[in-house]
Amino acid sequence: MGLKLPRIKRYKKQMNRYASADFKTDRSLLPFGAAKSFYNIDFSSGVLRKGYGVKTHDCVPIYAQRYWIYRLYSEQHGVYADQYIYQYSNGLIAWFDAFKHKEIYVSGLPFQPLDIINYRVGSKDVLLLSCEGRKLITWDGKYLTEFSNSPAISSMAIHYERLFVTSRDEKTKVYFSKNLDPTQWEISEDGGGFIELLDERGYLNKVVSFGSYLYIFRDHGISRVTAYGDQSEFSVVNMFVTTGRIFPSSITTCGNCIMFLASDGLYKFDGYNCVRTLTDITPSIRPDDDCACAFYDGKYYLGCKMDFADGLAVGCESSETYKTNALIVYDPQSGEYSISRGLNVTFMNACSYNGEDYLMCCEGGKGGVIERGAARFGEALPSYWESGVTDMHAPDKIKYVTDILFDNTAGSADDIVLGVCVDGVWHSLNVQSAALDGVKLNVSGRKFAFSLSTSSEKLNVTPLCVKYNTY
């Protein structure tokens, strides 16, 4: 009688694409391809690519904490010119004169962190400046002028040729200037005035001009102001209320919506409806008043704190003084996003200087720009991706994993660390980045998870394919 051998059944589990992360759902319930943990990775194209980092830029002084572009008309030269203006950590303001090609200090006096917007007063292009402890200040390229009759400004926005501001001293009021003159604040029928709101939505923290309306972001809600011309026709409608606290430093317009972070999640507001987004990663966000934001290249950039719950110290996390440790880059239209870890971003501003667009940032006290590539001023940041747990749809059977196939089409010479978790025990091995022929393994178990990590400057990893046998 012949010996009866067990029949070997061979299978292949192919990941279609790297999918969005889910930090909320139990890892055993995630679909194959969804990430249980990741950072410094962008999977918007379906493959794993490097996320975003910071680098130096010729136009950004390395010690600039805040930075803006001042576009003005030079009567001397008869042309418009872009000048950049910036604030150092000691509070001093300087600007680069594009005609003289040198740095010039605006004032010898320090200021608290500034907010600045461009405007035209009379026949001059000016900057409107505000900061804690000072009234409204204008700068016309030569002189600083402070207007003692203005409110103590905490935020400001130009809307239909008036300057609307929230006040540090009177947090239930929004003040507005005279039409066509942001320096005139005397309250009168044809001058300035204020709107006071007293309800459960709380204090008034930020004003945003969006579409045809002015929106007031408050501690726990949003109010909408209709303010076209004659102030006697101004009207207010309350739009949204939440139990969570809205953080003003996270609010910015993003094309056809406004994005903001609250203590109960990240929101997208279209002027009428407010919906939470990125809910699967919300449990890891630790929102506070230290976040920073900008809208650039069709994406919402948010510097914030996140808890990655792995006990590691990546980039800025090795210091106890960081204010943010994560940069979320989110596309409001497609819903795709990436998360960079180890960046202490405290200020961002989208700029255009002499035809070049860039996103200026202050990271760890140094000025630079945000670009693709997970690095921090030349120092590579580690990238990591980890899957959920899978039983290959056969929970009662032992699986023998023989091969894992993937390819790094970026062609980097550096190694990628492949991790394989078998029934809760992790194994790792260094593999050549181009692993199209497969990584040979000999591990068996019932439940598996996989991870990929690298410090390489280049990354373009195709979806995993797992080959395994059962008996």
Side-chain angles (χ1 to χ4, degrees), residues 66-87 92-100 104-109 111-169 173-195 206-210 212-214 225 227-231 234 253 349-353:
R66 295 185 166 227
Y67 178 100
W68 308 266
I69 298 297
Y70 175 32
R71 183 159 178 77
L72 78 162
Y73 181 78
S74 172
E75 295 181 357
Q76 179 182 357
H77 298 87
V79 295
Y80 271 97
D82 291 331
Q83 317 276 22
Y84 51 85
I85 180 170
Y86 42 93
Q87 185 175 23
L92 295 180
I93 314 168
W95 66 296
F96 183 80
D97 190 319
F99 297 109
K100 297 180 180 178
I104 301 173
Y105 279 91
V106 173
S107 169
L109 297 175
F111 293 83
Q112 293 294 317
L114 287 163
D115 289 319
I116 292 180
I117 56 177
N118 282 267
Y119 195 65
R120 188 170 180 86
V121 176
S123 60
K124 285 189 176 182
D125 296 297
V126 303
L127 292 180
L128 306 179
L129 296 77
S130 68
C131 67
E132 186 176 353
R134 305 293 291 266
K135 301 291 187 172
L136 175 69
I137 300 169
T138 63
W139 186 61
D140 62 4
K142 293 182 179 179
Y143 305 107
L144 285 174
T145 305
E146 185 167 3
F147 296 87
S148 59
N149 63 339
S150 78
I153 300 171
S154 59
S155 78
M156 55 184 176
I158 296 292
H159 183 70
Y160 283 98
E161 302 304 328
R162 292 183 190 265
L163 181 62
F164 286 78
V165 305
T166 51
S167 171
R168 298 180 192 273
D169 297 334
K173 296 179 180 179
V174 165
Y175 286 87
F176 53 87
S177 71
K178 183 179 180 179
N179 196 29
L180 297 172
D181 191 348
T183 67
Q184 296 298 320
W185 297 91
E186 182 179 351
I187 297 174
S188 64
E189 291 184 0
D190 60 351
F194 67 87
I195 302 168
K206 185 158 184 167
V207 284
V208 177
S209 179
F210 178 64
S212 300
Y213 301 101
L214 181 84
V225 179
Y228 296 127
D230 188 342
Q231 61 173 282
F234 288 6
T253 57
N349 188 28
C351 300
S352 180
Y353 180 77

*What pairs of residues pass the salt bridge (Lys or Arg N to Asp or Glu O under 4.0 Å) test when at least one of them lies in residues 146-156, not counting sequence neighbours?*
Arg134-Glu146
To the closest 0.5 Å, what do you measure between [atom1] ([X]) and [atom2] ([Y])?
X	Y	atom1	atom2	value
Leu114	Leu129	CG	CG	5.5 Å
Ile153	Tyr175	CD1	OH	11.5 Å
Ile93	Leu144	CD1	CG	6.0 Å
Ile104	Phe96	CD1	CZ	9.0 Å
Leu127	Ile116	CG	CD1	5.5 Å
Asp82	Leu72	CG	CG	9.0 Å

Where the side chain of [X] meets the backbone of [Y], is there a donor-acceptor pair that is under 3.5 Å apart?
X	Y	result
Thr145	Thr138	no
Ser150	Leu136	yes
Arg162	Phe176	no

Non-neighbouring partners of [X] that pass side chain to side chain contact (heavy atoms under 4.5 Å, CB included), sequence neighbours left out:
X	answer
Tyr213	Tyr215, Arg224, Thr226, Tyr228, Tyr272
Thr166	Ser154, Ser155, Val174, Leu204, Val207
Ala94	Tyr86, Tyr88, Glu103, Tyr105
Gln112	Cys131, Glu132

Checking [X] now: which residues fulfil salt bridge (charged side-chain N to carboxylate O under 4.0 Å, His left out) with it, not counting sequence neighbours?
X	answer
Lys178	none
Arg168	none
Asp140	Lys124

Any residue meeting side chain to side chain donor-acceptor pair (under 3.5 Å) with [X], in chain and number order, not counting sequence neighbours:
X	answer
Asp115	Arg66
Asn349	none
Ser212	none

_Derivation of the side-chain contact (heavy atoms from CB on, under 4.5 Å) call for Ile158 and Tyr119_ = CA-CA 8 Å; Ile158 296 292; Tyr119 195 65; 3.6 Å; yes
Do [X] and [Y] come within less than 4.5 Å of each other through their side chains, counting heavy atoms only?
X	Y	result
Lys135	Ile137	no
Gln83	Asp97	yes
Asn118	Ile69	no
Phe210	His159	no
Tyr67	Cys351	yes
Met156	Ser130	yes
Val106	Ile85	yes
Tyr160	Leu180	no

Show which side-chain atoms of residues 187-195 pair as donor or acceptor with protein atoms under 3.5 Å away, not counting sequence neighbours.
unit_1	atom_1	unit_2	atom_2	d
Ser188	OG	Asp190	OD1	3.2
Ser188	OG	Gly191	N	3.0

_With a 6.0 Å cut-off (strictly less than), is the heavy-atom count around OH of Tyr143, excluding the residue itself, greater than 12?_
no
Do you know which two heavy atoms are closest between [X] and [Y], and how far apart they sit?
X	Y	result
Trp185	Pro182	NE1-O, 3.0 Å
Asp169	Ala152	OD2-CB, 3.4 Å
Phe164	Leu214	CD2-CD2, 3.4 Å
Ala157	Ser209	CB-N, 4.1 Å

*Between the side chains of Asp181 and Thr183, does any donor sit under 3.5 Å from an acceptor?*
yes
*With Trp95, which of Tyr84, Trp139, Tyr70 fulfils ring-ring contact (aromatic ring centres under 6.0 Å, His included)?*
Trp139
